[in-house]
Amino acid sequence: MKKAKAFLAIAMAATLSMGLVGCGGSADTSAPAASTPAENAGTEAAPAENSGTAPAETVTAGTMDLNVMLETPVESLDPQQATDGTSFEVIANFTDGLMQMDADGQAVNALAESYDLSEDGLTYTFHIREDANWSNGTPVTAADFVFAWQRAVDPNVASEYAYMLSDIGQIKNAAEIIAGDLDKSELGVTAVDEKTLQVELNVPVSYFLSLMYFPTYYPVNEEFFTSCGDTYATSPDTVLSNGAFILDSYEPAATAFHLTKNNDYYDAARIRLPGLNYQVIQDSQQALMSYQTGALDTTLVNGEQVDQVQDDPEFMAIGAGYLWYVTPNIDAVEELANLNVRLALTYAINREAITADVLKDGSAPTYTAVPMEFAAGPDGSDYSEDQTRYADVCAYDADKALECWNAGLEELGVSEITLDMVVDADDAPQKVAQVLKEQWETTLPGFTVNLVVEPKKQRVEDLQNGNFELGLTRWGPDYADPMTYLGMWITDNSNNYGLWSNAEYDAIIDECTTGDLCTDAEGRWARLYDAEKLVMDEAVIFPLYTQCNAEMMSSKVTGVEFHPVAINRVYKNAVKAE
């Protein structure tokens, strides 16, 4: 038990110390009033000295909403069904979990006023705040968590993130329920009384508290859910808030929606924004123009725009934590089942050209399956600091690419290959996809890539359903441990898009999650590298870059917190001046 708690403390402290710096951001995760100019990227920005400290009465309610740009629409407001970062951010605005992140990225109490952990590390007992209520006036209870978590593992709900409770959270009986072998009522979570929640684990989980601020673990009021029927989480009338804001304007696929401060929130004195006004703008030039006219307080910029604004004191590069990669459909596409073809594709990628010449936002070329600067080991070092670890199979090498390509063509008995690659309709992914197409077709004779541009929701569905050949996609860390990535390539994991399966890999992951190594931090770390090596040697994915967000943030705004894990932006300490 002590070892598990110590490992969590090290991991979360290291997340603070290195979570943003490598992408040109500050080690302080609060946005400064005026960040350092772009030429100082990589140094610490000025800290947000007033973040969370100015008296609430300096803000006039209803007159200074924060105007926020989103690249993509919200996909779902159901915490057990949402799968994308945009949805997670919005859900977290109006819902609290048992724990939340502080400005340093550490897990601190939210709806849980306190918790106890048994000596063997297998039983958590959470004590829920007496002053935590839903926006309809009913109290938040332990039963709300039991209902929500049972929904998450219910095969009839088919939550994509069900594995967060089984493979990742290791909650007792979760895996058996997901497999259909036990009823959801057998899940190891119990409402001892109205305000006491007991959680039983299969094995000690060092990062368990950090899972508690992930939306899949958020509570749902069963009576309200039942009253909504199939319309749950589709409108302001069909969601309840227990968090900092209340959703008061929204419809599915909305390009604009609004949240207002929840004056009945248990921590309402801390919330100094009267509201959040979201605008979905997928054209980057339009978004920048909206920012320059004052219609937006914060927006993303990319590519050539960065050249235009990099000297502006309101420009900053913030580590977003996402790994962008290409996933090949190994299972269904004969050409991509060939290892030499896959290796040729990854060798032919010039990642430095993508980040330096196309993105220009501080994103870092990445040559590992687990990206940099979000997970720290027992010694406090970054898990993926060594980006040359797999250089023999993941590097830009046109000669090796051609050698593998020719070998692959010979093995397949063909002289040319044509493949489709699905890509999001957003600006940056399309630009990256165009460069990948050019690099591949230039380096690999006889290769043709057709780009299939789709809305993000459709692209995700196609990947999940195996309806693709190549896919340009991304994954953000849900918690501060390499398993948030390595867990994806377990056989039959819903995010294992290429349906790769390797018994040795599965055995290593089992060893690290439920075997002897789950409480041996150093031994576990070493075996996770063994698992990652299998992914890289087999070219299961082609890593591209670890994303930074090049952002403009109005100098009137302070206290927005940026995190590379789980919830990327948090507004509970944000202030917008007159």
Side-chain angles (χ1 to χ4, degrees), residues 74-84 87-100 110-112 124 126 128-129 131-166 168-169 171 173-174 177-178 183-199 211-248 250 252 259 262 264-266 478 566-567:
V74 170
E75 299 293 346
S76 174
L77 292 177
D78 182 336
Q80 278 74 55
Q81 294 283 33
T83 61
D84 64 292
S87 298
F88 291 153
E89 175 180 318
V90 176
I91 292 170
N93 287 331
F94 63 81
T95 316
D96 270 11
L98 291 167
M99 310 295 287
Q100 62 188 324
L111 293 178
Y124 281 86
F126 294 97
I128 299 170
R129 305 177 62 95
D131 56 354
N133 295 300
W134 294 103
S135 50
N136 64 358
T138 60
V140 176
T141 68
D144 297 331
F145 287 93
V146 173
F147 176 70
W149 295 10
Q150 287 181 353
R151 280 191 74 224
V153 297
D154 186 347
N156 294 320
V157 175
S159 171
E160 280 184 50
Y161 275 86
Y163 72 94
M164 288 287 285
L165 282 79
S166 56
I168 307 305
I171 296 177
N173 293 334
I177 296 167
I178 294 168
D183 185 78
K184 63 184 179 181
S185 62
E186 298 295 314
L187 187 66
V189 54
T190 305
V192 177
D193 57 41
E194 186 175 82
K195 293 288 186 177
T196 307
L197 180 73
Q198 185 179 84
V199 183
L211 299 178
M212 296 301 97
Y213 51 66
F214 192 75
T216 305
Y217 284 92
Y218 286 0
V220 173
N221 181 277
E222 181 176 7
E223 182 178 359
F224 179 80
F225 176 88
T226 302
S227 72
C228 294
D230 293 340
T231 66
Y232 175 70
T234 59
S235 70
D237 292 335
T238 58
V239 295
L240 280 184
S241 167
N242 65 31
F245 299 92
I246 294 174
L247 187 71
D248 58 9
Y250 174 81
L259 298 94
N262 181 6
D264 295 323
Y265 181 48
Y266 66 84
D478 299 327
I567 309 300

Residues forming a side-chain hydrogen bond (donor to acceptor under 3.5 Å, both in side chains) with Thr190, sequence neighbours excluded: none

With Asn136 via side-chain hydrogen bond (donor to acceptor under 3.5 Å, both in side chains) - residues at least two apart: Thr138

First locate atom CE of Met212, then atom CG of Leu197, and finally report the distance between them rounded to the nearest 0.5 Å. 9.0 Å

Apply side-chain hydrogen bond (donor to acceptor under 3.5 Å, both in side chains) to Asp84 and list each qualifying residue two or more places apart in sequence or on a separate chain. Ser87

As an exercise, state the distance from CD1 of Ile91 to CG of Leu77, rounded to the nearest 0.5 Å. 5.5 Å

Please round to the nearest 0.5 Å and tell me the distance separating atom CD of Gln100 and atom CD1 of Ile567. 11.5 Å

Which heavy-atom pair separates Ala152 from Ala162 by the least distance, and what is that distance? O-CB, 3.2 Å

Mind checking what makes side-chain hydrogen bond (donor to acceptor under 3.5 Å, both in side chains) contact with Ser185, not counting sequence neighbours? Asp183

Those residues at least two apart in sequence (or on a different chain) that pass ring-ring contact (aromatic ring centres under 6.0 Å, His included) with Tyr266 are none

Between Tyr217 and Trp149, ring centroids under 6.0 Å: yes

Nearest 0.5 Å please: distance from the CG atom of Leu111 over to the CG atom of Asp96. 5.0 Å

Sub-6.0 Å ring centroid separation between Tyr161 and Phe88: yes

With no hydrogens and no angle check, is any side-chain donor or acceptor of Asn173 less than 3.5 Å from a backbone partner on Glu186? yes

Quick check: Tyr232 with Phe225 (ring centres under 6.0 Å apart)? yes

What closest approach, in Å, do Leu247 and Leu259 show between heavy atoms, and which atom pair accounts for it? CD1-CG, 3.8 Å

Going through the checks in order, is the side chain to side chain contact (heavy atoms under 4.5 Å, CB included) test met by Trp134 and Val140? CA-CA 6 Å; Trp134 294 103; Val140 176; 3.8 Å; yes

Check the pair Leu211, Met99 against side chain to side chain contact (heavy atoms under 4.5 Å, CB included), reporting the backbone distance first and the verdict last. CA-CA 8 Å; Leu211 299 178; Met99 310 295 287; over 6 Å; no

Using a 3.5 Å distance criterion without hydrogens, assess whether the side chain of Thr234 forms a donor-acceptor pair with backbone atoms of Thr231. yes

Got a second to check how far Ser135's OG is from Leu240's CG, nearest 0.5 Å? 4.5 Å

Residue pairs passing the salt bridge (Lys or Arg N to Asp or Glu O under 4.0 Å) test with at least one member in residues 149-162, sequence neighbours excluded, are Asp78-Arg151, Asp154-Lys184

Are Phe94 and Val239 close enough that some pair of their side-chain heavy atoms sits under 4.5 Å apart? yes

What is the distance from atom OG1 of Thr226 to atom CG of Asn221, rounded to the nearest 0.5 Å? 8.5 Å

Quick one: are Met164 and Ser159 in side-chain contact, heavy atoms under 4.5 Å? no

Side-chain contact test, heavy atoms from C-beta onward, threshold under 4.5 Å: evaluate it for Val199 versus Ile171 and give yes or no. yes

What one should report as the nearest heavy-atom pair of Ser76 and Ala82 is O-CB, 3.7 Å

Would you say Thr238 and Ser235 are linked by a side-chain donor-acceptor pair, where the criterion is simply a distance under 3.5 Å? yes

Find out whether Asp144 and Val220 are in side-chain contact, i.e. whether some heavy atom of one side chain is under 4.5 Å from a heavy atom of the other. no

Do Asn242 and Pro219 make a side-chain contact, defined as non-hydrogen atoms from C-beta onward lying under 4.5 Å apart? yes

Quick check: are there more than 12 heavy atoms from other residues, nucleotides or ligands sitting under 6.0 Å from CD of Glu223? no

Hey, would you say the Phe145 and Tyr218 ring centroids sit under 6.0 Å apart? no

Exercise: identify the closest heavy-atom pair between Ala191 and Val146: N-CG2, 3.7 Å

Applying side chain to side chain contact (heavy atoms under 4.5 Å, CB included) to Thr196 and Phe126, what does each step give before you reach the verdict? CA-CA 6 Å; Thr196 307; Phe126 294 97; over 6 Å; no

Hey, mind stepping through Leu165 and Thr216 against side chain to side chain contact (heavy atoms under 4.5 Å, CB included) and telling me if it holds? CA-CA 9 Å; Leu165 282 79; Thr216 305; 3.9 Å; yes

Can a donor-acceptor pair be found, under 3.5 Å and without considering hydrogens, that links the side chain of Asn93 to the backbone of Phe245? no

Donor-acceptor contact present, side-chain Asn262 to main-chain Gly243, <3.5 Å: yes

